[in-house]
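Remarks on the structure that follows.
Throughout, a chain's letter reflects where its sequence line sits, starting with A, and its residues are numbered from 1.
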Number of protein chains: 2
Amino acid sequence: MLATGVTFADISFKQLPGVGGVGAAFLSQLSRLPNAPSLVLLARSSQTITSPTPAYSPAISPADWQSAESSASLVKSGAWTPEQIATYLSQAPGRAVLVDNTSDPALASAYPLFLGKGVSIVTPNKKAFSSSLQLWKDIFSAASKGNALVYHESTVGAGLPVISTLRDLVATGDKVTRIEGVFSGTLSFLFNTFAPVSASASAPPQKWSQVVAQAKELGYTEPDPRDDLNGMDVARKLTILARIAGLEVESPESFPIESLIPAELANLESGSAGTAEFMRRLSEFDERMEDIKKSAEAEGKVVRYVGSVDVAGKKVRVGLEKFDKGSSIAGLKGSDNIINFYTERYGERPVIIQGSGAGGPVTAMGVTADLLKVLERLR
Amino acid sequence: MLATGVTFADISFKQLPGVGGVGAAFLSQLSRLPNAPSLVLLARSSQTITSPTPAYSPAISPADWQSAESSASLVKSGAWTPEQIATYLSQAPGRAVLVDNTSDPALASAYPLFLGKGVSIVTPNKKAFSSSLQLWKDIFSAASKGNALVYHESTVGAGLPVISTLRDLVATGDKVTRIEGVFSGTLSFLFNTFAPVSASASAPPQKWSQVVAQAKELGYTEPDPRDDLNGMDVARKLTILARIAGLEVESPESFPIESLIPAELANLESGSAGTAEFMRRLSEFDERMEDIKKSAEAEGKVVRYVGSVDVAGKKVRVGLEKFDKGSSIAGLKGSDNIINFYTERYGERPVIIQGSGAGGPVTAMGVTADLLKVLERLR
């Protein structure tokens, strides 16, 4: 038997129009897998549903998880601590996997506990891999001690093969020299719209604050757009990539992050009143973004929000850069991500991975693909 | 113990300048792997070196393979048949893997024999996966019966994550609707040079036959450029991708392949005299390629040699197509490959994988990464 526990937040990720969260999309994909592992735990912020011990049977139906709550043969509890979840999964017959679809830092901090007990982890949750370097080290040493596996493809670029490609380059002895790309679907959309490579008759130029307001309305930003504009999400992704490439990055705070939140608005309160005030006042600063856009245009370039890792120089940077209009980064469309890996073997031209890097189904795809790899290795 | 046998041709792949063959590059990468499997067999066209039975020890040093021939503790024989190699590897203690770096069709036909005996296979050899559909089916059913694994990432796009990405899309339940790209480094170079997106002062326009001659001189083509120009290499790659996407393609001959060999030269003999005559007479047909180039230019486009799979329409096609100058296919540089996967989940914009798709070190990287995955699963 192979047991799977799935945790997911009530609203764990921003919801693109017509698209469910990662947790729901993952359960839908799980329900269609041939030889799917047995689903024995389903945890949300306030509720935990489990298969009864000691048999860990019957399993929860992933196709029908919304009715699990009313099933008399399953056990319903309130919120469980990470310790309770780890104990429950580690005592299941056979091997167990935790699929963590939340973005919960508390659960992320408990990964070493799970792994040390032999419970493997598959997750799109960036927190565990982009917080302190100590937690990163604890995770991989616990995995090795517990003979458990950790896969986290969807922490960067959602379902795009970013982490796996970087790990393959490193594992086969290539030297990654530089990583550069657009790592946020939201910031990709904002800049592709604000500073397109060629003017479009159907889309006249907009002020920065208008583009942000439009993106918020379309559901392309977090409920509070400041969570995208502060660059932290990109910084977390760069922290993960830099560490895999061999840099001991202490935390996402240990390198420069250019925030797109004007300094004058940095101290607004964090709640919804703060969000509303931020959105109302953002237009006061439109001239600044306009100047940046024009200075790029004067050089025949466009401005984009990128992250980069200079491996030899041990430098990580997140912020605005100018790109030639003919470059692949400038030519990005919609909310696509692009990741360039420059390596010794590949030489002057990078390996490029490009495509949608956000949304429930494609993020869940990365999670499901990881789960399949874990199953192949544990079975 | 995990035993590895490596076969490689004396000149198995075209040699890019300054770059060794795939076999040598693979052995160099193998020699640097921590926890490398034990190398017990090394076979070339005329020679087989093995560790003595029944201990399968001492192993061959991959770092020092060129001196294996003079080692008194290893067994030297002439060429072995695939059957002999399969028997030797299958009787090794523990699990065994054949790494086939040749492009030998006879060895490829014997894959089911290896797999049926429990010997896993890692290979960049396209022959096994792009010949008859029956061989394809025999390979995967033998693998399942023999509880062995088959990985062949480097059969398409060398070390680029093409096969693994397509398999992940399919395995997680996405529907691939269309695959399109430039699959040959040689043809990429030829068309990027012949019909660049923008004219370059340093590189005045060249006739088609001049571009082919230059590429041959630089070592970018096979020794006989007709082996690139006939489109068969691209057709084999498309056969593999179409089959993974779910189409039962009978063989690379069962769909249209546009050959770039003028019909008038199709019946030249196949040896070096034929090659010489082909190169000499190619310029007689420069006007045809010039017309194609100009007709694309008249539409503001450039011509490229691409392969495509229309999954719903069950159509595979290999040949010339026109592309907008702003498209990612038109903008390709050097001898890069690009592969676009269009799927239901990803919608209108594809997942794009781009980068160098030829050369010893990057092809070997795909092989080594596959070997690591096999080791993870077998250990």
Given heavy-atom pairs under 4.5 angstrom as the criterion, report whether the side chain, backbone, both or neither of A:L149 touches chain B. neither
Please flag which part of A:L372 lies under 4.5 Å from any non-hydrogen atom of chain B: side chain, backbone, both or neither. side chain
What part of B:D168 is in contact with chain A, defined as an atom under 4.5 angstrom from a non-hydrogen atom: side chain, backbone, both or neither? both
Side chain, backbone, both or neither: which part of B:I338 has an atom under 4.5 Å from a heavy atom of chain A? neither
Using heavy atoms and a sub-4.5 Å threshold, report which of residues 342-354 of chain B line up against chain A, by residue number. B:R345, B:Y346, B:R349, B:P350, B:V351, B:I352, B:I353, B:Q354
If you count heavy-atom pairs within less than 4.5 Å of chain B, which of A:G355, A:G366, A:G334 leads? A:G334
Who among A:T368, A:T165, A:V362 has the most heavy-atom pairs with chain B under 4.5 Å? A:V362
Could you tell me which non-hydrogen atom of A:T172 sits nearest to which non-hydrogen atom of B:A369, and how far apart they are? CG2-N, 3.5 Å
Nearest heavy-atom approach of A:A171 to B:L33 is O-CD2, 3.6 Å
Mind checking salt bridge (Lys or Arg N to Asp or Glu O under 4.0 Å) for A:R32 and listing every partner two or more places apart, or none if nothing turns up? none
To the nearest 0.5 Å, atom CZ of B:R377 lies from atom CZ of A:R377 at 10.0 Å
